[in-house]
Amino acid sequence: MDHTDPARILAEAEEDHDSVLELTQALVRIPSRAGIDPYEPVIQSLTDWMTAHGLTPGVLHDTTGAPVAVTADIPGTRPGPRFVLDACLDTAPFGDEGAWTHPPTSGLIEDGWLWGRGSSDSKAAVAVFCHLAARLADRADRLRGTLTLLFDLDEHTGGFGGAKRYFEGPDAPDDVTGVMIGYPGTDKLVIGGRGVHRAQLHVHGVSSHSGGSKTTPGAIDKAAHLIRELRAAELPPPADDFPLPGKLTVTAITAGQGYSVTPDLCTLNIDIRTTPAFDDTAAAELLAATTAHVDRSWPGTPPTRIHTHTRWPAYALPPDSPLRSALLSAARIHHRHPEPKIAGPSNIGNYLAGLGIPATAGFGVEYTGLHATDERFRTDTVPTVQAIYHTALATLLS
């Protein structure tokens, strides 16, 4: 029997359909909101299932001992590349639970949709990837290389602690050839994204009584001047091979207390989306030059301090990327035609690009309500998603 045959792969995915939904329901019914719920219950549920289905799960911990990821390896009998299937096991918060049609931990299936927080982002992907891995574990003698499952428990905090522990920890593998991230959505395959450069600008002024006879250079007024200058900066236009422009946004302003004091400190959070034409270095230079210019316009005030918070590069997989080609070809085989897309928001693929690891993202179940009220996904899209990933891996690991 040819276990790489697409028709056979789809048939196996259809056989797994009910089990995938049952595992997704079980995971959705265990709250795992990032930074809110304990993760041990959802870890136990998932690892019990994995063990019962022939997988060997492990739990990664950070330096404090907190669990940050569940992993499992499916090694082939012949040497070869390592490909990672990645999905998050933590979720966004519930929001107003009273606004939900069904409770956010119901896991209810109704009218062809499975409801609940984390159902689409990304517990359905966790369930799909587990079933796919169980299938491949039964035919490891036909695999060249290793398939790794990586389920991050620190994704929705923005910390990506599980990914960082896996890819940069003391036992990090050095043979990762590519990562496929199971974010939901059937219409697009994310093959790139704008980078991100985030910084806090600590803008200094002079403190005084607001009712005094003399006007002092307050930090808020100086920060307003700086914001105007930053917003007026001209960023390079998009290019043919990277169709999105750079973008600068002020996302937080913190200053002052009460009414009678002119504040001497105003802190700005600056989020800059970078591109190959406007990269991390250019973003840093823009902040440095603009703050220096504004500082010169405000004599008698201390200079602005820049604290860089996050730096992830922009990336785009080329058309001949094996990872990109394998997934898009597999999608066509199964009569789907997702559009390769360079995303505006950054994702974990940007972090991986900084490590030199190619990644795809944003291909998964059809969904609605992501991070919002009434999150849910279409259950009939599950078998095709599983079959596409299985077909792609049959190519990459054969």
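Index from 1, following the sequence. As the structure is a computational prediction, the values presented were derived from the model and not from experiment.
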Student: I need the H390 NE2 to T384 OG1 distance, nearest 0.5 Å.
Tutor: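 The NE2 atom of H390 sits 14.0 Å away from the OG1 atom of T384.
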Student: State whether a side-chain donor-acceptor pair under 3.5 Å links D374 with T101.
Tutor: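 A pair is found: one side chain offers a donor N or O, the other an acceptor, under 3.5 Å apart.
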Student: Could you tell me whether H197 and H309 have their ring centroids closer than 6.0 angstrom?
Tutor: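 No, ring centres 6.0 Å or more apart.
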Student: Could you check whether R378 makes a cation-pi contact with Y367, meaning its NZ or CZ is under 6.0 Å from the centre of the six-membered ring and within 45° of the ring axis?
Tutor: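 Output no; distance or angle outside limits.
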Student: Taking the basic N atoms (NZ, or NE/NH1/NH2) and the acidic carboxylate oxygens, is any pair closer than 4.0 Å for R135 and D16?
Tutor: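 Yes.
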Student: As a quick check of understanding, evaluate side chain to side chain donor-acceptor pair (under 3.5 Å) for H156 and T91, giving each step before the final call.
Tutor: CA-CA 6 Å; H156 283 84; T91 75; 6.0 Å; no
Student: What residues join I306 in its hydrophobic cluster, counting side-chain heavy atom gaps under 4.5 Å, either direct or through other members?
Tutor: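 The other cluster members (ILVMFWY side chains, heavy atoms under 4.5 Å, direct or chained) are L201, V203, L226, I227, L230, L235, L248, V250, I253, L268, I270, I272, F278, L286, L287, V294, W298.
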Student: For the residue pair D121 and C88, what are the closest heavy atoms and their distance?
Tutor: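 Looking at all heavy atoms of both residues, the shortest contact is OD1-SG, 3.5 Å.
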Student: Between H204 and T304, is there a side-chain donor-acceptor contact under 3.5 Å, judged purely by atom types and distance?
Tutor: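 No, because no side-chain N or O of T304 sits under 3.5 Å from a partner of the opposite role on H204.
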Student: Check whether more than 12 heavy atoms from other residues, nucleotides or ligands sit under 6.0 Å from atom NE2 of H335, and answer yes or no.
Tutor: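 No.
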Student: If you measure only the distance, is there a donor-acceptor pair under 3.5 Å linking the side chains of R142 and S398?
Tutor: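 Not at all, the side chains of R142 and S398 share no donor-acceptor pair under 3.5 Å.
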Student: Between E168 and Y351, is a side chain to side chain donor-acceptor pair (under 3.5 Å) present by the stated rule, with each step listed?
Tutor: CA-CA 11 Å; E168 298 185 83; Y351 161 72; 2.6 Å; yes
Student: Can you sort out the partners of T310 under side-chain contact (heavy atoms from CB on, under 4.5 Å), two or more places apart, ordered by chain and number?
Tutor: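 Listed in chain order: V196, R198, W312.
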Student: Could you go step by step and tell me if T274 and D280 meet the side chain to side chain donor-acceptor pair (under 3.5 Å) rule?
Tutor: CA-CA 6 Å; T274 59; D280 185 74; 6.0 Å; no
Student: Hey, are R139 and D141 close enough for a salt bridge, meaning a charged N less than 4.0 Å from a carboxylate O?
Tutor: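 So R139 does not pair with D141 through a salt bridge.
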Student: Begin from the C-alpha positions of T373 and D96 and carry the test side chain to side chain contact (heavy atoms under 4.5 Å, CB included) through to its verdict.
Tutor: CA-CA 8 Å; T373 301; D96 180 4; 5.7 Å; no
Student: Under 3.5 Å, is there a donor on one side chain and an acceptor on the other for E155 and Y183?
Tutor: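 On atom types as modelled, these side chains qualify, holding a pair under 3.5 Å.
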Student: How about S19 and H131: does a side-chain donor come under 3.5 Å of a side-chain acceptor?
Tutor: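 A donor-acceptor contact under 3.5 Å links the two side chains.
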Student: Is it true that E375 and S120 share a donor-acceptor pair across their side chains at a distance under 3.5 Å?
Tutor: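 Yes - a donor-acceptor pair under 3.5 Å links their side chains.
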Student: Check the orientation of H293 and H225. Use parallel for under 30°, tilted for 30 to 60°, and perpendicular for over 60°.
Tutor: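 Because their plane-to-plane angle is over 60°, the rings of H293 and H225 count as perpendicular.
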Student: Indicate yes or no: does D187 engage K341 in a salt bridge with an N to O separation below 4.0 Å.
Tutor: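 Salt bridge: no.
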Student: Could you state whether V84 and L153 fall into the same hydrophobic cluster, counting links through intermediate Ile, Leu, Val, Met, Phe, Trp or Tyr residues with side-chain heavy atoms under 4.5 angstrom apart?
Tutor: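 Hydrophobic grouping puts V84 apart from L153.
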Student: For the pair F151 and C130, evaluate side chain to side chain contact (heavy atoms under 4.5 Å, CB included) and give the outcome as yes or no after the intermediate values.
Tutor: CA-CA 10 Å; F151 303 136; C130 282; 3.6 Å; yes
Student: Do you know which two heavy atoms are closest between P243 and I342, and how far apart they sit?
Tutor: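 Taking every non-hydrogen atom into account, CD-CD1, 3.7 Å.
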Student: What verdict does the side chain to side chain donor-acceptor pair (under 3.5 Å) test give for T148 and D73, after you've listed the backbone C-alpha separation in whole Å, the side-chain angles of each residue and the deciding distance to 0.1 Å?
Tutor: CA-CA 4 Å; T148 293; D73 284 345; 2.7 Å; yes
Student: Any side-chain heavy atom of T77 within less than 4.5 Å of one from L143?
Tutor: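 Of all side-chain heavy-atom pairs linking L143 with T77, none is under 4.5 Å.
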Student: With F129, which residues qualify under ring pair (Phe, Tyr, Trp, His ring centres under 6.0 Å), at least two apart?
Tutor: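 Counting only residues at least two positions away or on another chain, F129 forms a ring pair (Phe, Tyr, Trp, His ring centres under 6.0 Å) with Y389.
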Student: Picking from T146, D174, D175, what satisfies side chain to side chain donor-acceptor pair (under 3.5 Å) with R82?
Tutor: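 Only match with R82 under side chain to side chain donor-acceptor pair (under 3.5 Å): D175.
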Student: Evaluate L132 against L85 for side chain to side chain contact (heavy atoms under 4.5 Å, CB included), listing each step before the verdict.
Tutor: CA-CA 10 Å; L132 171 52; L85 293 177; 3.9 Å; yes
Student: Using a 6.0 Å cut-off, check whether atom CD of Q257 has over 12 heavy atoms from anything other than its own residue.
Tutor: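 Atom CD in Q257 is not crowded, with 12 or fewer foreign heavy atoms closer than 6.0 Å.
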Student: Please step through side chain to side chain contact (heavy atoms under 4.5 Å, CB included) for the pair K123 and R29, ending with a clear verdict.
Tutor: CA-CA 11 Å; K123 292 180 177 180; R29 287 167 179 162; over 6 Å; no
